[in-house]
*Asks:* 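The structure under discussion is supplied below as structure tokens; questions concerning it will follow.
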Amino acid sequence: MPDKGLEEVVAAQTKLSDIDGKLGRLSYVGYDIHDLATDSTFEEVVYLLQNLALPTPDQLDELNEQLVSERDISGFLSDLMPTLAKQTSPMSMLRTSISAASAYDPDGWDQSAEANYRKAVRLIAIMPTLIASYHRQRSGEDPVPPNPKLPHAANFLNMLLGEEPDQEAAQALDTTLVLYADHTMNASTFTARVIASTLSDMHSAITGAIAALKGPLHGGANEEAFKMLEEIGDVDRAEAYVKERLAKKQKIMGFGHRVYKTEDPRATHLRRLSQELGERAADTRWYEISARVEKVVMEEKGLYPNVDFYAASVYHALSVPTDLMTPIFALARMAGWTAHVRAQYADNRLIRPESEYIGPRDQHYVPIEEREES
């Protein structure tokens, strides 16, 4: 029998992403994440994951035009957003909004490969608009419409904060989106593929993925990591804080990974971004606290930071509210989720694992009037 939690079980073959946990490597369609994080853009990675090849300039221009043209949300979602902003958490808003978006999707219930590609692009395009509109309205501010002249990351910051970001901030967010775009058969991706394997529609599969990401054992680690940094507050308190938590057998958020046995390659870039953004703002406190926590955790437990640990201070430096950190995870991962759903449709078999029964056997049925109180 496989280990509990299906560890080491191969649930699908994929051409999208690959991890070497022992060597700390991640690649998308064979391209090393270090090269993509340094040299590519999120839009280029979207094309790569959806088409299994890097785009030519003309192909990238076409995708950019498609993404820009699909950024506006339907009137139905616009009318729904004030209620969601008032009544729900950010991840609940996303779950509900993506499900509701199916009602007015131009491709309706068309399940052709061409329609599902258009749905994938549409879902990727509306994520920044949904999150920014939600945050502006819950804060009592008017939503900022999408700016067709700005790339994906810069447009999101513009809609969220109400002013066009500088190049460094936009580039930093773009890099985080590249790093979060896909990560093999994680819980939310597996959920999406299970739903797609029933031949349910794209929106249903992605709604399920968001619901899985909402759980604190999958998404949410970056939020919890920053809350921890706020509790520490000062670099001189970091060592005592970590040791006290470890002595109480409490988890240090943002450390360790189910797959990586060495440093998460995404953390390498996020550590650099955390330091650079702090230095640019002349406020390196959060980076310094993070670095001290990392040092103590390594000395005490031998654990490496994962993608979420330094992402927390990066997002904070970009003025992203703490409870929007997981939704931005979803914003990026929409590229991978939709690519996996399309791949599942293209070579489908219903995903139906077995279970191991461990309950009682050969019990004798007793009529209800003969049963005694236990």
*Asks:* Dump the intermediate steps for side-chain hydrogen bond (donor to acceptor under 3.5 Å, both in side chains) on S69 and E65, then the final yes or no.
*Replies:* CA-CA 6 Å; S69 70; E65 290 175 4; over 6 Å; no
*Asks:* Determine whether a donor-acceptor pair (N or O, by modelled atom type, separation under 3.5 Å) exists between the side chain of R25 and the backbone of I19.
*Replies:*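 No; zero donor-acceptor contacts below 3.5 Å.
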*Asks:* Any chance the rings of Y260 and Y304 have centres within less than 6.0 Å?
*Replies:*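 No; Y304 has its ring centre 6.0 Å or more from that of Y260.
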*Asks:* Any chance you could measure E62, atom CD, to L67, atom CG, to the nearest 0.5 Å?
*Replies:*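 Taking CD in E62 and CG in L67, the distance rounds to 11.0 Å.
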*Asks:* So if you build clusters from Ile, Leu, Val, Met, Phe, Trp, Tyr with side-chain heavy-atom gaps below 4.5 Å, do Y28 and L52 land together?
*Replies:*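 Hydrophobic grouping puts Y28 with L52.
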*Asks:* What closest approach, in Å, do A172 and L273 show between heavy atoms, and which atom pair accounts for it?
*Replies:*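 That would be O-CD1, 3.9 Å.
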*Asks:* Supply the atom-to-atom distance T284 OG1 to L277 CG, rounded to the nearest 0.5 angstrom.
*Replies:*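 Here the rounded value is 12.0 Å.
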*Asks:* Kindly say whether A113 contributes a backbone atom to a donor-acceptor pair with the side chain of R342 at under 3.5 angstrom?
*Replies:*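 Such a contact is absent between R342 side chain and A113 backbone.
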*Asks:* Count the heavy atoms of every other residue, nucleotide or ligand shown that sit under 6.0 Å from CD of Q13, and state whether that count exceeds 12.
*Replies:*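 Check fails, neighbour count at 12 or below.
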*Asks:* For the NE2 atom of H218 and the CG atom of N186, what is their distance to the nearest 0.5 Å?
*Replies:*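 Answer rounded to 0.5 Å: 4.0 Å.
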*Asks:* After noting the C-alpha distance and the side-chain angles of Y315 and F226, does the key distance pass the ring pair (Phe, Tyr, Trp, His ring centres under 6.0 Å) rule?
*Replies:* CA-CA 9 Å; Y315 287 144; F226 193 75; over 10 Å; no
*Asks:* Could you tell me which residues satisfy salt bridge (Lys or Arg N to Asp or Glu O under 4.0 Å) with D166, sequence neighbours excluded, listed by chain and number?
*Replies:*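 Here the qualifying residues are R280.
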*Asks:* Going through the distances and angles, do Y241 and E231 end up as a side-chain hydrogen bond (donor to acceptor under 3.5 Å, both in side chains)?
*Replies:* CA-CA 9 Å; Y241 179 92; E231 287 182 22; 2.7 Å; yes
*Asks:* Could you list the donor-acceptor pairs under 3.5 angstrom formed by side chains in residues 144-164, with sequence neighbours left out?
*Replies:*
from : atom 1 : to   : atom 2 : distance (Å)
N147 : OD1    : K149 : N      : 2.9
N155 : OD1    : N147 : N      : 2.8
N158 : OD1    : E164 : N      : 3.1

*Asks:* Apply the test side-chain hydrogen bond (donor to acceptor under 3.5 Å, both in side chains) to residues D110 and S112: give CA-CA distance (whole Å), side-chain angles for both, the deciding distance (0.1 Å), then the verdict.
*Replies:* CA-CA 6 Å; D110 186 346; S112 67; 3.0 Å; yes
*Asks:* If you look only at distance, which donor and acceptor atoms sit under 3.5 Å apart when one is on a side chain in residues 325-336 and the other is two or more places apart or in another chain?
*Replies:*
from : atom 1 : to   : atom 2 : distance (Å)
T326 : OG1    : G220 : N      : 3.0
T326 : OG1    : N222 : OD1    : 3.4
T326 : OG1    : E223 : OE2    : 2.8
R333 : NE     : Y180 : O      : 2.6
R333 : NH2    : Y180 : O      : 3.3

*Asks:* Let me check something: any side-chain donor-acceptor pairs from residues 72-88 under 3.5 Å, sequence neighbours excluded? List them with distances.
*Replies:*
from : atom 1 : to  : atom 2 : distance (Å)
S74  : OG     : L77 : N      : 3.2
S78  : OG     : S74 : O      : 3.2
T88  : OG1    : L84 : O      : 2.7

*Asks:* What do you reckon, is CZ of R245 surrounded by more than 12 foreign heavy atoms closer than 6.0 Å?
*Replies:*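 Above 12, so yes.
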*Asks:* Can you see whether S188 engages W337 through a side-chain donor-acceptor pair at a distance of less than 3.5 angstrom?
*Replies:*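 There is such a pair between these side chains.
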*Asks:* Any heavy-atom pair between the side chains of P90 and I131 that's under 4.5 Å?
*Replies:*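 I131 does not reach P90 side chain to side chain.
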*Asks:* Can you find a side-chain donor-acceptor pair between E279 and Y287 that sits under 3.5 Å?
*Replies:*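 There is no such pair (donor and acceptor under 3.5 Å, judged by atom type) between the side chains of E279 and Y287.
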*Asks:* I need the D264 CG to R271 CZ distance, nearest 0.5 Å.
*Replies:*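 Reported to 0.5 Å precision, the distance equals 10.0 Å.
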*Asks:* Taking C-beta and beyond as the side chain, do T175 and Q171 meet within less than 4.5 Å on heavy atoms?
*Replies:*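 Counting from C-beta outward, T175 and Q171 do come under 4.5 Å.
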*Asks:* Please check if the number of heavy atoms outside E141 that lie under 6.0 Å from its CD is greater than 12.
*Replies:*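 Correct, the count exceeds 12.
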*Asks:* What donor-acceptor contacts under 3.5 angstrom involve side-chain atoms of residues 94-104, with partners at least two apart or in another chain?
*Replies:*
from : atom 1 : to  : atom 2 : distance (Å)
T96  : OG1    : S92 : O      : 3.0
S97  : OG     : M93 : O      : 2.9
S102 : OG     : S99 : O      : 2.7

*Asks:* Start with the C-alpha distance between Y310 and Q275, add both sets of side-chain angles, then the distance that settles side-chain hydrogen bond (donor to acceptor under 3.5 Å, both in side chains), and finish with yes or no.
*Replies:* CA-CA 9 Å; Y310 278 101; Q275 182 176 14; over 6 Å; no
*Asks:* Are a donor atom and an acceptor atom from the side chains of R266 and H269 found within less than 3.5 Å of each other?
*Replies:*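 Absent: no donor and acceptor within the cut-off.
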*Asks:* Check whether more than 12 heavy atoms from other residues, nucleotides or ligands sit under 6.0 Å from atom CZ of R352, and answer yes or no.
*Replies:*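 Atom CZ in R352 is not crowded, with 12 or fewer foreign heavy atoms closer than 6.0 Å.
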*Asks:* Does a side chain donor of either T56 or Q59 reach within less than 3.5 Å of an acceptor in the other side chain?
*Replies:*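 A donor-acceptor contact under 3.5 Å links the two side chains.
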*Asks:* Any salt bridge linking D107 with R122? Criterion: basic side-chain nitrogen under 4.0 Å from a carboxylate oxygen.
*Replies:*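 Here D107 pairs with R122 in a salt bridge, since their nearest N and O are under 4.0 Å apart.
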*Asks:* Under the salt bridge (Lys or Arg N to Asp or Glu O under 4.0 Å) test, which residues partner E276, sequence neighbours left out?
*Replies:*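 E276 satisfies salt bridge (Lys or Arg N to Asp or Glu O under 4.0 Å) with R272 once adjacent residues are dropped.
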*Asks:* Working to the nearest 0.5 Å, report the span between OG1 of T38 and CG of D32.
*Replies:*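 One finds 9.0 Å between OG1 of T38 and CG of D32.
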*Asks:* To the nearest 0.5 angstrom, please state how far the OG atom of S200 sits from the CD atom of Q111.
*Replies:*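 Between atom OG of S200 and atom CD of Q111 there are 7.5 Å.
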*Asks:* Any heavy-atom pair between the side chains of L213 and M91 that's under 4.5 Å?
*Replies:*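 Yes, at least one pair of side-chain atoms sits under 4.5 Å.
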